[in-house]
Amino acid sequence: MPELPQPVNDNTIKVRQLSHYQFSWVAGEPGRNGAYTLQLVLDEGAWEEVLTLTADDADALQDLLVNTKDVHYDIERRTLMFGVTRAGE
């Protein structure tokens with residue numbers, strides 16, 4: 001049996017599955033642009049992450065999230081990964 005780093009806990013899991021997400025918009029100072037945020041709920045609430053996005057990124061990510069059934073998030077690299085495809089397909 002392989003050696004596992006101990007203890008195995010929420011902080012040792014590096015890639016999680018996206019369960020739910022919520023976009024928000026935060027107003028900027030008067031005369032300044034606001035900012036979009038994307039809250040990621042991972043592994044049914046075991047972990048959450050909030051990303052700050054540009055309007056273009058929010059638009060692109062919403063399209064990807066609506067059209068992708070299986071999404072994962074790498075916590076260390078802060079990377080969303082969309083879909084799973086078998087090799088050779």
Side-chain angles (χ1 to χ4, degrees):
M1 186 153 190
E3 289 288 321
L4 296 176
Q6 296 298 321
V8 175
N9 59 40
D10 281 345
N11 294 326
T12 60
I13 299 170
K14 302 302 178 194
V15 177
R16 295 184 173 271
Q17 187 167 17
L18 180 65
S19 306
H20 300 83
Y21 62 91
Q22 178 178 353
F23 284 96
S24 300
W25 181 78
V26 181
E29 295 297 319
R32 307 282 297 212
N33 290 334
Y36 287 90
T37 62
L38 172 56
Q39 179 181 4
L40 306 174
V41 178
L42 306 161
D43 289 345
E44 299 296 336
W47 192 275
E48 292 189 21
E49 187 88 16
V50 177
L51 309 175
T52 303
L53 311 168
T54 66
D56 289 339
D57 286 347
D59 185 44
L61 283 173
Q62 186 162 23
D63 290 344
L64 286 165
L65 290 168
V66 166
N67 293 305
T68 307
K69 189 178 199 178
D70 193 21
V71 179
H72 289 82
Y73 183 72
D74 185 317
I75 294 166
E76 278 188 348
R77 297 183 302 157
R78 301 192 75 197
T79 303
L80 277 166
M81 297 168 283
F82 298 92
V84 176
T85 304
R86 286 184 171 279
E89 287 187 13

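- Note on Val41 and Ile13: separate hydrophobic clusters, where clusters join Ile, Leu, Val, Met, Phe, Trp and Tyr whose side-chain heavy atoms are under 4.5 Å apart, directly or indirectly.
- Between Ile75 and Lys14 the shortest side-chain heavy-atom distance does not fall below 4.5 Å.
- For the pair Thr79 and Arg77, the tightest heavy-atom approach, listed with the atom from each and the gap, is OG1-O, 3.1 Å.
- Here the CZ atom belonging to Phe23 is positioned 11.5 Å from the CD atom belonging to Gln39, to the nearest 0.5 angstrom.
- Both Tyr21 and Val71 are members of a single hydrophobic cluster when ILVMFWY side chains are connected at heavy-atom separations under 4.5 Å.
- Remark: side-chain polar atoms of Asp70 are not paired, donor with acceptor, to backbone N or O of Gly83 under 3.5 angstrom.
- Taking CZ from Arg16 and CD from Glu48, the interatomic distance works out to 11.0 Å, rounded to the nearest 0.5 Å.
- Atom CG in Leu53 sits 7.5 Å away from atom OG1 in Thr37 (nearest 0.5 Å).
- The environment of Asn33 atom CG is sparse: at most 12 non-hydrogen atoms of other residues, nucleotides or ligands sit within 6.0 angstrom.
- Residues meeting the side chain to side chain contact (heavy atoms under 4.5 Å, CB included) test with Ser19, sequence neighbours left out: Glu44.
- Residues Leu80 and Leu40 are in side-chain contact: their nearest non-hydrogen atoms beyond the backbone lie under 4.5 Å apart.
- You'll find the side chain of Tyr36 stays beyond 4.5 Å of the side chain of Leu61, heavy atoms only.
- A heavy-atom distance below 4.5 Å is found between the side chains of Leu18 and Leu65.
- Contact check for Tyr73 versus Arg78: side-chain heavy atoms found under the 4.5 Å cut-off.
- Cluster annotation: Leu42 and Met81 are assigned to distinct hydrophobic clusters (Ile/Leu/Val/Met/Phe/Trp/Tyr, side-chain heavy-atom contacts under 4.5 Å, transitive).
- Under a hydrophobic-cluster definition in which Ile, Leu, Val, Met, Phe, Trp and Tyr are linked whenever side-chain heavy atoms come within less than 4.5 Å, directly or via other members, Val66 and Leu38 are assigned to the same cluster.
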